[in-house]
Every structure is written in structure tokens, then in C-alpha cells.
Amino acid sequence: MITTQLNRKTFLLASALLAGGLGLGLQAAQAADPLYLPNVVELSGPGAVSGTNWRDGIILAVEEINAKGGILGRKIELENLDTQSDAGISRAQMQKVLDKNPYVVLGPVFSGSVLVDMALTSQAEVPEIMGGEAAAITQKGSKYIFRTAFGQQSSIPKLANYFRDGLKAKTVAVVWVNNDFGKGGRDNFIKEMAARDIKVVADISTESGQADFSADVVKVKGANADAIFVYTNEEESARFLKEARKQGIKTPLIGETTLLGQKVIDLAGDAANGVKGHVGLSADAPIPAVQEFAKKFKARFNYVNDHNGIKGYIAVYMIKAVTEKTGKFDSKLFASTLHGMTIKPEQEPGILMEATWDANGDIDRASFLAEIVDNKQKIVEILPKLNK
Amino acid sequence: MIDFLTSRGFKIFFALFIAALLITAPFYLRNFGLYLIAMWLVISVAALGLNLTLGYAGQVSMAQGAFVGIGAYVTGLMTLAGVPWPVAFLCSGLLCFVIGWVLGYPALRVQHHYLAFVTLAFSTLVFLLMRNEEWLTKGIYGLTDVPRPILFGWNTGKAFDFYFFVLGVVTLLSLGVWWIIRSPWGRAFVALRENPVRALSLGVDTRRYTLMAFAMGSAIGGFAGALYAPLVQFFEPNSFALPLSLNLLLMVIVGGGGTFFGPFIGAATAVLLPEWLRIAQGYYLIIYAIVVMVLMLFCPTGIMGLGDRFISHFRQKRISAERAEKAKDMSQQEGK
Amino acid sequence: MAAFIQLFVSGLATGAIYALVAVGFMLLWQTSQTINFAQGEFVMIPAFFVLWAIRFLGIDFWPAVGIGVIVSLIILGFLFKRMIVDPMIKHGVLPMVISTIALSIFLKEMVKDFYSSQAQPFPGLIPSSDLNFFGAVISTQNIFILIIASLTVVALNFLLNGTRLGRAMQATAQNPTVARILGIPVERMILYTFLINAALVALASFLISPIYLAKFTNGDVLGLAAFIAAIVGGFNQVRGAIVGGLVLGVTENLAAAYISAQYRGAIPLILLIVVILWRPHGLMGRAEERTV
Amino acid sequence: MMQPVLEVTDVSKRFGGVTAVDGVSFKVYEGEILGIIGPNGSGKSTLFNCVLGQLNPTQGSIKVDGHDVTGARPCDLNRLGVSRTFQLLQVFPELSVRDNLILAGQEHEGTMLDRLLGPRDAGLTASANQMIEFFRLSHVADEKAGGLSYGQQKLLDAAMAFMAGPRLVLLDEPAGGVNLTMLGHLRDRLKAINTEQNATFVVIEHNMEFVMALCNRIIVLAEGKIIAEGTPDEIRSNPEVIEAYLGH
């Protein structure tokens, strides 16, 4: 008799645990007042640096908005979920937050993970504002995916033009990191080079987390190209630059945000001087709003943000701007409104720079050609929006 | 109470209880919950396979993740090319069986840590092949939109249907593994683990059983991969890199190597528990690592071993209590 | 040719680091059958002890290095032995493997969560400048690493073979039971090997972090490299680990440059498999006769 | 002349420069109990391991029932009817006593596939129970072998060797570490099997009493060579044997 009672108790307890643990989602329906905003992003694993920046940018924006009373009077309730830099887990987490019927979801940053998640968000008709830069993301026809930075298909052509017009290069060496980010950039770059009749004389794959670049620099040196395109993550970029300077490479080293960022300068020191490239949005952009943001970020989190911090920050202000325009919390309306919308800093200072989203969710805004001089990123030229 | 917990009746009751929970899950869980349980089931199968190789036959393998990967890629590529899922499923298992058999050969020459490193190297090589051989595997971009099977007109595309599909296949696979463990093979595997020299002298062809332990364990890993592919519908080589193999190893040992239910429990600690402990947020891995270290310290036979120990502790206590009781009775009688 | 020398010498410098880590790894295996899967993290973390001391104690670099060494000896040597290895040793190899895998996760996550997930610059022990050497450019840091690693190994070899203490340690490694009968304090000898390992990984950490930057994931690569070096060289010989480390460092570089950049990671692994299958006792090791 | 069950011809085994076994030849006939004795390091165990396929002899040949089995693997040898016990305890501690015995018999009939798809006990429960009965292990039949007392494990070890009805059993120091009562019990069991089933034994043993009481014929090894051969009484009075034992 006692045992049966006990068993019933255990049964109830176990089912309660199971149900509660798996997020029965009953509470989501009554979340009347605060605005639930989930952020599914890389907080551990190889993507932790980018993901942490993205998250902290979001936290900063959410704190600012909440301090001023929230969006249309609703305070934002942020939930951060770790994908562990794994596409499968990211999908699971996205499914989990979608079960709570969110208004908009944020993240992730890894393109691979975005490509997995976006099927879910488009099915659920919930806008996903993310940090991935792979070209493929916006070519899949989802009506609910939005970028916070240039896709590789917009940034790489800008760079390619610079190789042809600015450097007048005939041959080029490519050093890329063999992950989805690096491979995507490299594939786009090879395509753009072919279109401009520039020969790729060395095509060198490196590993993420690689420490010793001497073999790669030796190969680049041996290739005798007119210019070198370096497309690796920040830390590897720094290591590559140090080795390149050591072995006395004089050929122009050209890259993207991941070669010219503050993080690279901090790590590579003098070796970064002379590096040039295209930056979509950087903490060093000669725009007061961006520099103001960088200062706030440093004060709040005690480290210098990279472009992912800015992406996260902007993502939240995109929600604010669109919602204030539509006047209600309607996911479908959000997506249709943001397509073709331009947000100007005059209307919404948090957007930092004027930006436009097209029908695919691609972002368009001004960008910069920069060079590192005296351990500082110096903007050489402002490249206007593509469709102005 | 303890008697009841160890009785056959309770075991059956408990099994029915779990079965009932699993069968009724879709009626009280949302998509995410179903996805998570399906993931747990699939990972459990992979761990079941490793348990056969490691837990029963005692052959250290750090390559189980690679076999899940091979299985997932075979099924992914074949079903994307229009091959029916059951065929792809069998091919996944078969290919992993063959590769596992070959991987078993080093185990005939070297043991323990050497074997661990050979399999670890193998697992990394498989990752590199998956990443670099773009013509075959689509490289780092991975496979997208892997279709969910349609079996005899039953479309398993929706989370609800797919969950039952996974539950069914996993049940069949588990029964298969159960059968192997209970067959003379299971006995031979244990003999191989506990004392290969003695086993050899009793006519056990340790060579063939070693290779079989690898091949069988790997094939089951391949089957898990064949379920993983339509479950996640997208994967890339990184999903199957070394961390997965190490995780599976942790799961088997933490759950309890060499026990049938160990892998299920181990997989639960790695797949379900992190969800329940979301409060711990980023610190989950730290807590998990500490728990594993403490568990290994006090009970290297894993959670199943802990349960056994708990039960035998109470039984012992009761027996000594009874003895004391008897002794008391006797002395009282003597006193009379 | 210059390219080849370049690759060779920088390969040697990397290899020297692998060798230091591999020697410690091997000593632990020899004296206590500990396969330390956290060895890579052991190399990663002393640099963070130093950075931590600089940041939170506000002291200068060199005193911080001193603190780093002491903390390494205590945590990675003494506590590692007392809290993980000693209680586990009776359970056999596999639980120890699992436990050290968990330890590696623990150390990584601790650094990530409580220090930083980002790579940190780490000051060089000597000022860096470059030397031209038959057309190849070698940094003084690389040369410094080679010299320090060689000196360390020579000193260690002397300790093990030329002193009473060292012979006692070797006796412990070969046969603890006999060593105990001979009156050697076996426990203390084992502790010494753990302390030596801690010192070696700390040294490797301080040598490599200025070049590779200090980051919580650094151990992933280093740990694997140390295993490979130890096995390729021969698990029962100090000089084997040295040869293994150097061979590995050079092979990696040459493979990346001349064989395949995409498969650079594969070459050392294939080397490992071939050595294990062809000469399980390693290139320099002695075969152990096994009887029933 | 009757064909010997075991015929060892001129077997030598060298480890590097050391010759452990040096040109040993002997024959064992059906129903015999042959003892091999000798001081420590005389090469008994090496000889044993050569006969059993654990080591490959450097030279010489070994025949079982006329089949050349030199260099055969222990498992194949076992299936030909040669089984053994070990000097140190060699049971499977995590298996029950009955499973230990079933294991000892299951590999002798049928194919791998039969063993996978066939019955769980490979049809051996009855004969295992018989063996359990015979060795008086019934009260612990379902317990894990690891939990048995030393003497019980020793009995189990012997029982496993007999499980498959072997032609020839090699016993490596069966009496080592066993108390007197158990020792007598063990000797009785072995004698009983010998007479009942006409089984053939080769025994390596230190315990002279035990050997003398058990064996019909004894070979004495010293420094890898046979120095004497004869009945227990002959060996007891052989001066060379006494010399070899005392000399060490």
C-alpha cells in the first residue's frame, strides 16, 4: 500500500519534471507584458568570441531601451541560448524558442547554423535577425531572414573591384580559413577574380585555431602574387600577419573586417601596419555614433567590441524601429515592413548608420576602405550604398 | 522497499512507465520537446553501439562519432538522390560495419591508450575527408534539406510523425542490441574484456570477436547516423568531429559501461540534462565536468553502477539488521 | 632552399614545445599509468595564471611568472595527483581517461567563463627580433625556444640518469614493487614526476604563448600533438619524446607546404597510425617482451 | 604402438640470448597423468606456453593426436580438445559461475552465426549444471565468479577446463595457494575425471606431495632440459633430481 502511494507520487513528480523540463510552454501564452526576445547564439565552442560580442551588443541595446521604457511601453525580456557552435544544437534551441511564439528571434552568427535554423523560422513565420554573412542565406527565398551585415556576395565584389582598380593586380594569392565563413568568402572571391581576369596563383587553406603559419607564408611568398587576400578569423589573421612580417612579405595584404579589426591590431601589434581592406562596419568607422557605441560597450563589458558587437546592437534597434513604425507586435507585419525599409539614424540613433533592407533581407549601407596606420584603423575611402 | 525496487515486477512496471511516457510524449510536448527526445533516442543508439565495443568487449574506441557521421552522410546523400530511406539506412549500417571491421585490426596489435589514439586519429581523418572531399560531401557547407522518409505512404515530415518513426526504429535497434548482448556473443565479448588470454584458451576466437565488436558497434553507430540525418535535416562535418566521439565515450562510461541501460542514461545526461539545467547557463559544462570527475572518483562503473551499489548497500544493511535481530532473539532465548 | 630551411627551423621550434609537453606526458604514464587527456590544457593554463596575477594582483610580469610557476606546481602537479590521480589509480586506465577528459573541459570552461573567451597577447620572455639565416628568417624567440627546450631536456636526462634521485625515479617507473622493497619512497618519487610535469608544461606555456597568443582552446592542438610526439618517439624514453616532438613539428610544416594544406592535419595522424602499427614501441623506444 | 595424445619433439625456445627451453621431447598417452616438475626458472612455464600456442617455439614440433599444431592459436588448439588451467586465477569475475562454464563450452560447436541467432545458453545449461554439481559449486552457481573464495575460483577454473570434454588438459600449478581441505578435494576431482572419462592430464606443480599423489609419470626439467623421467617413486630416489633442487 505504501509502495503504491509512493509510486504514484514518483510518477507525478517524474512527469512534472519531464514536462517542466522540456518547456511545456504554458507560461509563454500568458506573457502579456514584457516582450520576450530570444537570442540563439554561439556562446561556447569555436564561435564563442563572435557570439559573445553579438550577445553583449544585444544586452547593451536592451538595457538602453528598457531604461527608456521599452518598445511601445513593453520592456524587453531577453533570453540567451547557447548553440555551443553546433548547428544541430542551434536548431534545437531555435525550435525551443519558436514553441513559445516569439515576436522576433535573434541570432545565430555562424552561417552554418543560420542555414539550419532559417527553415524553422520561415515555417513559423517569425522574423530572424542574424549575424551570418554567407551568400547562400538570402538566396533561399525565406521571407523572414534579415542580415545585420553585408553578405559575402555584396562585400567581396567591393573588394574585388579594389583589387582590379586600386591595386591593379594581375595575380593574387588567397589565404583562407577552412570553415564555412572562410570557404564561403574564398569561393565568392575566386568567382569574382575570374570575372575580372585576375589569376589566382595560390589558394591556401588554413585551419581554424591554427597557430603556426610559417608553412603558409612560405607558400604565399613562393607564389609571387601582386596582392594577397587574407580571409581568416581575427586571431588567425593576427598570427598570419606576424609570420608574414617576420618572413619579410612586402606584397599588399588585403582583407575584410576580420583582417582590419581592432582585435587583430591588438594581437598582431606592428605587424598589422600597412594592411588594407574593406570594412562593412567597424568600431573605428569615422562616424561619431559608432565610436560612441564602442565607448559605451567598453565601459559596460570591459573589452573592445568587434563588428559582431555592432551587429547585435543594431539587431535590437531594428526591432524597435520597425515596431514603432507598425505600431503593433505582429511578426508577419514586421517582416513585410522591414523589406524595402530604410532606417536613418535621425529617426533611430541606435541604428548607428543609415541602412536599407531589400526584399531578400540583405542589408545595404555605406562601407569603407581602410588601412592600418600606426596601429590604428584609418578610413581611406567611404564606399556609398550600392543603390543610392 | 529495496526488494520491491529490484523485483522483476518493478522492472517491468518501470519499463512500461517509461514506454508510456515515450508513447504519450507527443500529446503533452511541443515540437522542441519531441525533437529533444528524438535526439536523445538517436544519440542513445550511437552510445549503445559504442557500449558494445567498449563496455562489453572492452575495446577503447574514440571514433564512434565518425561512424555516426559516415552513417548520416550515406543516408543524407542517398535520400537526397531519391533512394528510399530503408535502403539508405541499411547501406549506412553496412558501410560502417565494413569500415569498423577494418578499424578493428589495429586492436589486434595494440590495446588501451594506443588503440585509443589510433581510433582518435581515424576519427579526425574521417572529419578531414568529409570536409575536404567537396565533390562527394559538399564540404564544409554540409548537406541541407535532407528529406524525412515516406514509408508505405506514411509521410514522417511533421515532428509528430517523425517522432514515432524514430521511436519505432530505435526500439527495434535496441531490441537487436539486447539480443546480441544476451546471445553467446555477449558472453564472449565480456570474456574478451575481462580476460582475453583465458578466453582464447577456452576456444574463444578473440581475433574474430574483437573485429566483430568493432564492426557491430560501428554499424550501430551508422544506424544512429541514418536516423540523425533526417532528424536534423542539416549537418556539416563539424557535427561529427572529435568532440562527438569524446562525448559518446563520456556518455557510455558515465551511464555505466557494460550495462544495457547505461547508454540511455549517459545520453540523457548529455542531451536532456543540459536542457533541464539551462538555469546554469554557461556554467553547465563546468558542472558537468565536475560531476563526471566526482562520479569517476567514487563510482567508476557509472550511474548504473551507482544504482547497483545503492541497492546492495541497503540490502546489506537489512541483512545485517536481520542478523542482529536474530542474534538478539537467540541471546534472549538463551537468557531464558 | 631558403624556404625549406625556413620550414625546417620553425618546425623544430614548434617541435621543441611538443617535446617538452610530450616528456611530461610520458613521465606521468611511466610512473603512474596516467594518460593525461588534459595535458594540452595544462599547457594552456599557466599563461592564464600569469595574466591573472598581472590583472588582479597588479604585479609586474616577472613576479607574475614566478607566481604562475608556483600555482602550476601546486594545481597541475600536487593537486592533480592528490585529487584526481591518487584516488583513481586503482580503477584502471579508462576511468582515468574519462576523468582527465572531464578535467580538460573543466579547465577550458573555467578560463573561458572567468577570464576571457578571447585570445590574449602574452609578453615574450625575451625581446623579439629576427635573424637572417641562409635566406630564411628566424626569430630570436624561436631560437630561444630551441635552446631552452634543449637545455631542459639535457638537464632532465641528467637528473634521470646521472643522479641517485633520478635512478630512484626510474626504478619506480619500471617496477614500483621492487622499488618499494629497495627502500625507495615510491610515493614521493611519483609526486616528483608530477611536479616535473607541471614545471615542463608551465615552461612550454610561457615559451609558446607569446607566439601563439594565450587562448582557452590552445590545448586542443597541443595535447594531441604531445600524444603523437610521445607515441611516435617511444613511450618509454625521454629522448624518444624529444625525437617524436621534433619529427612531428617538422613533418607538420613540410606536409602543409609540400603535400596538402587541406590535409595538413592528416599527415601527423597517418604518421601516428603507421608508427603504432609498425613499431608500437616508437621510433626510439625499446620493445617490451610480454609474456602470459 | 598406440598413438600418443601429445607428442612434443625437440622443442626449444630462446628469448634473445637466453635459452629457456632446450630440445625437450616427450609423449603423453591416453589416460595418463604426467607431471612436469623442476626448480624455478627451469623452463616449465615456457614449455607449457609453447605447447599451448601462447608462445611460438623457436624450433621443434608439437602434435596432438597426430596433428601438427606447432604455432596454432590457443583457441584452435582448444577446439581440438586441448584445454588448460592457469597458475594465477583466471576466471571471468563479472560473469556468473554458470556463465563462466557456458562460455567454456559455447565455442566448440556451431558457427559464429549459430551463436548469434541460436539460444542464449547455446544449449549448454544442462552440462554446465552437471559440471557445477560435480565440482560442488551448486550453492554459488548464480553468483558472480569474482565474489567467490579463492578455492572456489580455483575449482571453477578447473571446471572450465573440463567443460568441453577435452582430450588433454594441461594444469598449471593447480595446487598453488589452495588450502589443505580444498587441495584434497581438488585431487579427488581430478582423479575421478581421469578414471571416469579416461581424460589425459599434464600437470606442472611445485607441491611435490600433490604431484606424487596424482601423477603416474613425472618429467623433471632443469635449465631447460629434461634431466629425469619416471614413476613418482623413481623420481623421489633419483640423485640428479635431488641435486637439481638442492643446487638452487
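Worth saying up front: this structure is predicted, and the values here are computed from it rather than measured.
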Chemist: Which pairs count as salt bridge (charged side-chain N to carboxylate O under 4.0 Å, His left out) when at least one residue sits in residues 144-153 of chain D, sequence neighbours excluded?
Modeler: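 For residues 144-153 of chain D: D:E94-D:K144.
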Chemist: Report, one line per pair, each donor and acceptor closer than 3.5 Å where one atom sits in a side chain of residues 210-221 of chain B; sequence neighbours left out.
Modeler:
| from | atom 1 | to | atom 2 | distance (Å) |
| --- | --- | --- | --- | --- |
| B:T210 | OG1 | B:T206 | O | 2.5 |
| B:S218 | OG | B:F214 | O | 2.5 |

Chemist: Taking every heavy-atom pair that is under 4.5 Å apart, which of D:P93, D:A161, D:S83 has the most such pairs with chain B?
Modeler: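 Ranked by heavy-atom pairs under 4.5 Å with chain B, first place is D:P93.
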Chemist: From D:R79 CZ over to B:D205 CG, what is the distance, rounded to the nearest 0.5 angstrom?
Modeler: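 Nearest 0.5 Å value for the CZ-CG distance: 5.5 Å.
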Chemist: For D:C75 and B:L200, run side chain to side chain contact (heavy atoms under 4.5 Å, CB included): C-alpha distance rounded to whole Å, both residues' side-chain angles, the deciding distance at 0.1 Å, then the answer.
Modeler: CA-CA 5 Å; D:C75 58; B:L200 195 61; 3.8 Å; yes
Chemist: Could you check whether atom CD of D:Q59 has more than 12 heavy atoms from other residues, nucleotides or ligands sitting under 6.0 Å from it?
Modeler: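 More than 12 heavy atoms, drawn from other residues, nucleotides or ligands, come within 6.0 Å of this atom.
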Chemist: With a sphere of 6.0 Å drawn around CZ of B:F298, does it hold more than 12 non-hydrogen atoms of other residues, nucleotides or ligands?
Modeler: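 For B:F298, atom CZ is not crowded (no more than 12 foreign heavy atoms under 6.0 Å).
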Chemist: Going by salt bridge (charged side-chain N to carboxylate O under 4.0 Å, His left out), name the pairs with one or both residues in residues 190-202 of chain B, residues two or more places apart or in two chains.
Modeler: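 Every salt bridge (charged side-chain N to carboxylate O under 4.0 Å, His left out) pair that includes a residue of residues 190-202 of chain B, provided the two are not neighbours, is B:R198-D:D157.
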Chemist: If you tally heavy-atom pairs under 4.5 Å against chain D, which of B:G203, B:S183, B:G258 wins?
Modeler: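 Highest number of heavy-atom pairs under 4.5 Å: B:G203.
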Chemist: Please output the residues of residues 97-125 of chain D in contact with chain B, using a heavy-atom cutoff of under 4.5 Å, in numerical order.
Modeler: D:D99, D:I102, D:L103, D:A104, D:Q106, D:E107, D:H108, D:M112, D:R115, D:L116, D:L117, D:G118, D:P119, D:R120, D:D121, D:A122
Chemist: Under 4.5 Å between any side-chain heavy atoms of B:S201 and D:N78, yes or no?
Modeler: no
Chemist: Does B:F261 have more than 12 heavy atoms from other residues, nucleotides or ligands lying within 6.0 Å of its CZ?
Modeler: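 Atom CZ in B:F261 is not crowded, with 12 or fewer foreign heavy atoms closer than 6.0 Å.
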Chemist: Can you check whether D:F92's main-chain N or O pairs, donor with acceptor, with B:N195's side chain at less than 3.5 Å?
Modeler: no
